[in-house]
There are 2 protein chains.
Amino acid sequence: MTSIRKVSAIAGVSIATVSRALKTPEQVSPGTRQKVLDAVKEAGYRPNWLATSVKTGKSKSIVVLVPNLLNAFFQRIIEGIESAAQECGYTVLLGDTQGRKTLENEYASMVLTSRADGLIQLDHCFPFSDNDAELARSIPMVSVGERIESQHHYPFIHLDNYSAGRALAHHLISYGHVRFGAIAGQIQSQIYRDRLSGFKSVLAEENIDFPDSMLVGGSYTIEEGIRGVNELMKHKKPPTAIFCFNDDIAIGAIHQLRSLNYKVPKDVSVVGFDNIRVSEFMHPPLTTIDQPAYEMGVKAVEMLYRMMHNQELLRTREIMPFTLLERHSSGPINRSTSQ
Amino acid sequence: MTSIRKVSAIAGVSIATVSRALKTPEQVSPGTRQKVLDAVKEAGYRPNWLATSVKTGKSKSIVVLVPNLLNAFFQRIIEGIESAAQECGYTVLLGDTQGRKTLENEYASMVLTSRADGLIQLDHCFPFSDNDAELARSIPMVSVGERIESQHHYPFIHLDNYSAGRALAHHLISYGHVRFGAIAGQIQSQIYRDRLSGFKSVLAEENIDFPDSMLVGGSYTIEEGIRGVNELMKHKKPPTAIFCFNDDIAIGAIHQLRSLNYKVPKDVSVVGFDNIRVSEFMHPPLTTIDQPAYEMGVKAVEMLYRMMHNQELLRTREIMPFTLLERHSSGPINRSTSQ
DNA sequence: CTGTTAGCGCTTTCAA
DNA sequence: TTGAAAGCGCTAACAG
């Protein structure tokens with residue numbers, strides 16, 4: 001723990017000069033600057049980041065709340081966030097909340113204790129505890145992917161999930177499917193509502209029935225895909241096409257369909273959502289919606305940056321474009337087996 | 001930014017009392033304690049973490065250096081680290097180094113600037129810059145999975161990679177294979193040397209030839225698996241069994257073998273390493289080595305904790321057990337096609 | 001260009 | 001049990 005004082009002693013200058021030589025070298029004569037630099041080296045000195053931060057009142061850090069680090073989609077967003085944050089001199093504190101409220105509260109409160117200057121939420125909920133809610137009102141916060149549910153409105157970056165839902169429905173209908181199943185992830189979120197209603201809207205337009213019993217699920221995991229398929233294929237008239245709300249679910253679904261001796265896509269078409277890295281290398285490769293996750297992360301940092309520096313936000317909501325990737329997990333309906 | 005001063009004013013006590021009421025309530029009379037608590041609520045006060053940390057000289061944080069957050073194996077280690085860290089009141093600062101030296105140096109230096117009290121390295125290299133090397137000598141640091149290469153020795157937790165390499169070789173040989181290929185990840189690491197020499201040692205014992213041309217690769221990615229297969233299958237006598245140094249490589253390899261019209265495992269057996277979540281749900285499910293990644297993370301924190309508190313380390317090296325999971329990506333040699 | 005001095009928000013002696 | 005005061009390591013305003 002060698003401090004600035006020791007350096008100033010070695011260099012024979014005041015501590016202020018040491019500080020200046022390090023932070024604003026142009027304000028120091030070349031001669032003293034060198035003396036200071038030498039002393040720094042001799043003392044093995046590194047400025048105490050904590051002290052600097054208390055003094056300036058800024059931590060130059062942002063917290064990122066991730067529901068699940070294992071989710072490949074979030075990982076890509078995080079990459080975007082980290083690279084953009086680095087760009088503007090901010091450190092990212094990753095908080096893996098594991099969907100637990102207390103953990104989320106704890107990480108979120110870092111921004112109330114000056115440990116971070118702003119917050120990016122990847123989930124849909126307001127991350128602060130009831131206790132902190134009032135204090136958090138004026139905190140710089142944006143969400144990406146989801147939209148934060150709170151009476152106070154925070155900016156957000158998201159996909160046009162409604163249209164993506166429609167695109168998937170159109171894609172499957174164009175292959176002749178009329179019996180659909182869906183395995184959802186987290187219920188109770190904007191994403192859920194948008195994807196589902198987009199999907200349903202097309203079916204309604206085409207006069208295709210979509211009974212409630214064909215909608216199952218509840219979490220974005222491989223296991224949910226397995227459970228979902230088990231449930232859906234129990235029906236006397238099982239679906240010939242399944243809309244999985246993310247790629248993890250689709251992976252589980254395809255795996256389980258195979259276990260039940262259904263061929264994908266011959267017997268059942270499966271589509272996913274997110275386009276995680278492994279989707280392309282599955283067998284069969286997954287038809288899915290590609291989200292510009294990386295860019296969404298970058299955008300989030302840009303917005304947050306403006307908020308943290310009290311600059312006007314150009315817009316309070318950013319909608320990103322998606323791409324439907326038609327691969328081989330979906331295909332024409334098999335008339336012989338689908339009666 | 002409401003400070004302790006405001007609270008003391010509201011409560012009509014000194015700032016020292018406020019501090020005590022919050023950190024060591026038993027040193028304050030119940031009456032004043034309540035007054036303080038009320039004032040805290042009224043003021044919307046949260047102690048400034050930065051200030052507390054400068055004062056105490058401890059950040060109660062640890063940095064974790066991850067070569068690649070996308071790697072599912074590391075994720076599991078991280079889970080273990082986070083849960084154990086939480087347990088003992090430490091915050092985890094995740095540093096995704098993306099294999100870049102400068103990023104790594106930067107994150108590592110956090111522990112020199114009092115931003116963190118210790119460091120866990122998931123890669124094999126000494127993470128500090130040449131400049132910082134001297135200072136870093138006495139820093140609490142452990143590595144997991146890999147072993148840090150430096151003249152000064154740091155404790156580490158790892159797998160018996162040599163034996164695991166042997167186990168895989170035995171497994172494949174028992175199926176009758178005699179022509180092997182291997183696709184490695186990061187060359188120049190203890191892991192690489194151990195897995196390879198374990199694997200080779202069995203081949204040698206069995207008098208099976210393993211020419212250098214059958215060893216390819218260089219990074220732990222799906223793409224490397226694809227490249228590797230392309231290279232290996234070019235030989236006049238291509239391998240009938242391929243040892244991939246992690247599951248990502250195996251995923252790429254299987255994908256590419258399929259593209260080249262080889263059946264797995266009928267024509268070529270493939271084995272991986274790590275047992276990431278998706279391995280079980282691949283088609284075919286991957287034969288691989290399961291590492292107790294979570295437990296390794298926990299162990300790492302335990303060791304680091306002792307180091308940060310100047311307690312004796314029970315041992316300086318922890319070897320964890322592995323399990324060979326025989327699934328369906330490996331199988332008996334196909335005598336008809338392997339001539 | 002450099003030094004003195006006053007803090008940042010907090011913890012922790014030391015006295016009372 | 002409480003308060004006054006010193007000080008953690010640093011930055012920044014002010015003088016010179």
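Below, chain A is the first sequence line, B the second, and so on; all start at residue 1.
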Checklist entry - Going by heavy atoms in the side chains, are A/Tyr90 and A/Ser61 under 4.5 Å from each other? => result no
Next on the checklist: So A/Asp123 and A/Leu65, do their side chains get closer than 4.5 Å, heavy atoms only?
Outcome noted: no
Item to check | Check against side-chain contact (heavy atoms from CB on, under 4.5 Å), A/Gln86 and B/Leu103 | outcome: CA-CA 10 Å; A/Gln86 171 114 31; B/Leu103 267 178; 3.0 Å; yes
Next on the checklist: Reading DNA chain C in the 5' to 3' direction, which nucleotide is the first one with an atom under 4.0 Å from a heavy atom of chain B, and which is the last?
Outcome noted: C/dG9 to C/dT13
Checklist entry - Would you call A/Arg76 and A/Glu79 a salt bridge, taking side-chain N to carboxylate O under 4.0 Å as the test? => result yes
Pairs under 3.5 angstrom only: tabulate donor-acceptor contacts from the side chains of residues 91-101 of chain B to other protein residues two or more places apart or in another chain.
residue, atom, partner, partner atom, Å
B/Thr91, OG1, A/Arg115, NH1, 3.1
B/Asp96, OD1, B/Gln98, N, 3.3
B/Thr97, OG1, B/Val66, O, 3.2
B/Thr97, OG1, B/Gly99, N, 3.3
B/Lys101, NZ, B/Glu104, OE1, 3.3
B/Lys101, NZ, B/Phe126, O, 3.0

Next on the checklist: I'd like the 5' and 3' limits of the part of DNA chain D contacted by chain A, with heavy-atom contacts below 4.0 Å.
Outcome noted: D/dG9 to D/dA13
Checklist entry - Taking everything shown except B/Glu149 itself, do over 12 heavy atoms lie less than 6.0 Å from its CD? => result yes
Next on the checklist: Both B/Arg33 and A/Tyr45 contact DNA chain D. Taking the nearest nucleotide for each, which residue is further toward the 5' end?
Outcome noted: B/Arg33
Checklist entry - Considering residues at least two apart in sequence or located in another chain, which fulfil the salt bridge (Lys or Arg N to Asp or Glu O under 4.0 Å) criterion with B/Glu134? => result none
Checklist entry - Considering all heavy atoms of both residues, which atom of B/Glu146 and which atom of B/His124 are nearest to each other, and what is their separation? => result OE1-CB, 3.4 Å
Let me have the donor-acceptor pairs involving side chains of residues 5-21 of chain B, under 3.5 Å, with sequence neighbours excluded, atom names and distances please.
residue, atom, partner, partner atom, Å
B/Ser8, OG, B/Arg5, O, 2.7
B/Ser14, OG, B/Ala16, N, 3.4
B/Ser14, OG, B/Thr17, N, 3.3
B/Ser14, OG, B/Thr17, OG1, 3.1

Checklist entry - So which of residues 8-20 of chain A are in contact with DNA chain C, with a heavy-atom cut-off of under 4.0 Å? => result A/Val13, A/Ser14, A/Ala16, A/Thr17, A/Arg20
Next on the checklist: Contact between A/Ser59 and B/Trp49 at the side-chain level, heavy atoms closer than 4.5 Å - yes or no?
Outcome noted: no
Checklist outcome for this item: Residue pair B/Ala51/B/Thr32 against DNA chain D: nearer the 5' end by closest nucleotide is B/Thr32
